[in-house]
Amino acid sequence: MTAKVFLATNNAKKLAELRRIIDEQGLDVEILTMGDVEPYPEPAETEWTFEGNALIKARAGAAHSGLMTVADDSGLCIDALGGMPGVRSARWAGRGHDDLANLELVLAQIDDVPEDRRTARFRAVVALVTPDGREFTFEGVMPGRIALRPRGLGGFGYDPIFVPDSQSLAGRGLALTSAQMTPEMKDAISHRGRAIRAMMPTLAGLLKKLPSWYDEDDFDDDDDDDDIDDDPAGMADAIIYYVE
Ligand code: ITT
């Protein structure tokens with residue numbers, strides 16, 4: 001039986017990235033999205049941390065769907081803005097404003113900041129919550145800097161103004177923004193790619209144990225199941241930092 005995992009996000013472009021990165025790992029899993037479950041109210045993201053908000057979204061998804069649920073809370077942290085927009089990235093220009101308005105506001109706010117001080121990083125925390133209440137979080141970081149003006153049509157959100165560091169010419173205004181990269185290039189270095197790849201051993205371990213949640217008597221806990229334990233990959237409650 002192919003196990004089901006619910007991806008709890010209302011952001012279509014974020015969903016496309018999450019699905020692509022998970023698919024790439026080759027795990028036998030059926031991905032369900034908002035369109036596959038009964039509609040439910042979007043939970044308020046009331047926390048001041050990515051981890052807190054990712055858990056709010058994943059808990060709500062698991063409670064509603066009864067499925068193992070993955071949610072992502074992410075954003076752009078700009079040093080010259082004291083780490084903002086951070087957890088407020090999606091609505092930086094105010095409710096009802098779009099990605100372009102957010103990006104233009106950021107550019108205006110750091111208009112007078114010289115290139116060498118336009119350092120920033122994308123951060124993503126992915127929360128994995130099981131219907132029986134187990135919770136795991138994984139963090140990925142993509143360091144870089146803010147370009148002087150937007151470039152590129154790929155990606156979403158702030159991608160047209162973000163120049164990832166891991167390119168030979170980054171930092172000299174010559175490297176690609178993440179909106180100029182192919183999806184594969186972005187996934188390989190992105191905050192989301194790193195967080196999801198850090199999650200995969202835990203997800204794989206949990207999926208092997210799935211039957212025990214439905215019928216304890218069916219659960220085969222023989223010693224020969226030696227690659228399956230209560231804390232797959234020893235990462236319960238772990239936050240994994242990937243900083244270059
Ligand atoms: P859900 O909460 O439904 O998942 P959301 O878009 O509201 O969707 P967040 O609260 O996590 O999600 O906000 C993430 C915002 O951070 C996103 O809307 C972008 O503005 C920005 N962001 C995150 N990852 C990004 C990326 O890979 N590229 C560009 N911008 C990104």
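Both ligands and their constituent atoms are indexed starting at 1 by order of listing.
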* Structure fact -> Heavy atoms of D73 and A54 approach each other most closely as CB-N, 3.6 Å
* Asked: With a 4.0 Å cut-off, would you call R121 and D79 a salt bridge?
  -> yes
* **Atom indices of ligand 1, in the order listed, that fall short of 4.0 Å to a heavy atom of D73** => 9 (P), 10 (O), 11 (O)
* Cationic N near anionic O, under 4.0 Å, D116 to R118 -> no
* Asked: Does the distance from a Lys or Arg side-chain N to an Asp or Glu carboxylate O, for E115 and R145, drop under 4.0 Å?
  -> no
* Got a sec: does the CZ of R88 have more than 12 other heavy atoms crowding it under 6.0 Å? -> yes
* Asked: Given P85, A54, A90, A124, which one has a non-hydrogen atom that is nearest to atom 18 (O) of ligand 1?
  -> A90
* Structure fact -> Quick note on ligand 1: atoms under 4.0 Å from a heavy atom of G157 include exactly 29 (C), 30 (N)
* To do: Write out the residue and atom name of the closest protein heavy atom to atom 2 (O) of ligand 1, then the distance separating them to 0.1 Å.
  => K57 NZ, 2.7 Å
* Asked: For ligand 1, is there an atom lying under 4.0 Å from some heavy atom of G75?
  -> yes
* To do: Closest by any non-hydrogen atom to atom 27 (O) of ligand 1: pick that one out of E17, M34, K14, K186.
  => K186
* **Residue pair V141 / R194, side-chain heavy-atom distance below 4.5 Å** => no
* To do: For N11, take its heavy atoms, then give the atoms of ligand 1 lying under 4.0 Å from any of them.
  => 3 (O), 6 (O), 8 (O), 18 (O)
* So do P160 and R151 actually touch side chain to side chain, heavy atoms under 4.5 Å? -> no
* **ligand 1 atoms in contact with E45 (distance to a heavy atom under 4.0 Å)** => 2 (O), 10 (O)
* In terms of atom number and element, which parts of ligand 1 are under 4.0 angstrom from non-hydrogen atoms of T9? -> 1 (P), 3 (O), 4 (O), 8 (O)
* To do: Closest by any non-hydrogen atom to atom 21 (C) of ligand 1: pick that one out of Y158, W92, F162.
  => Y158
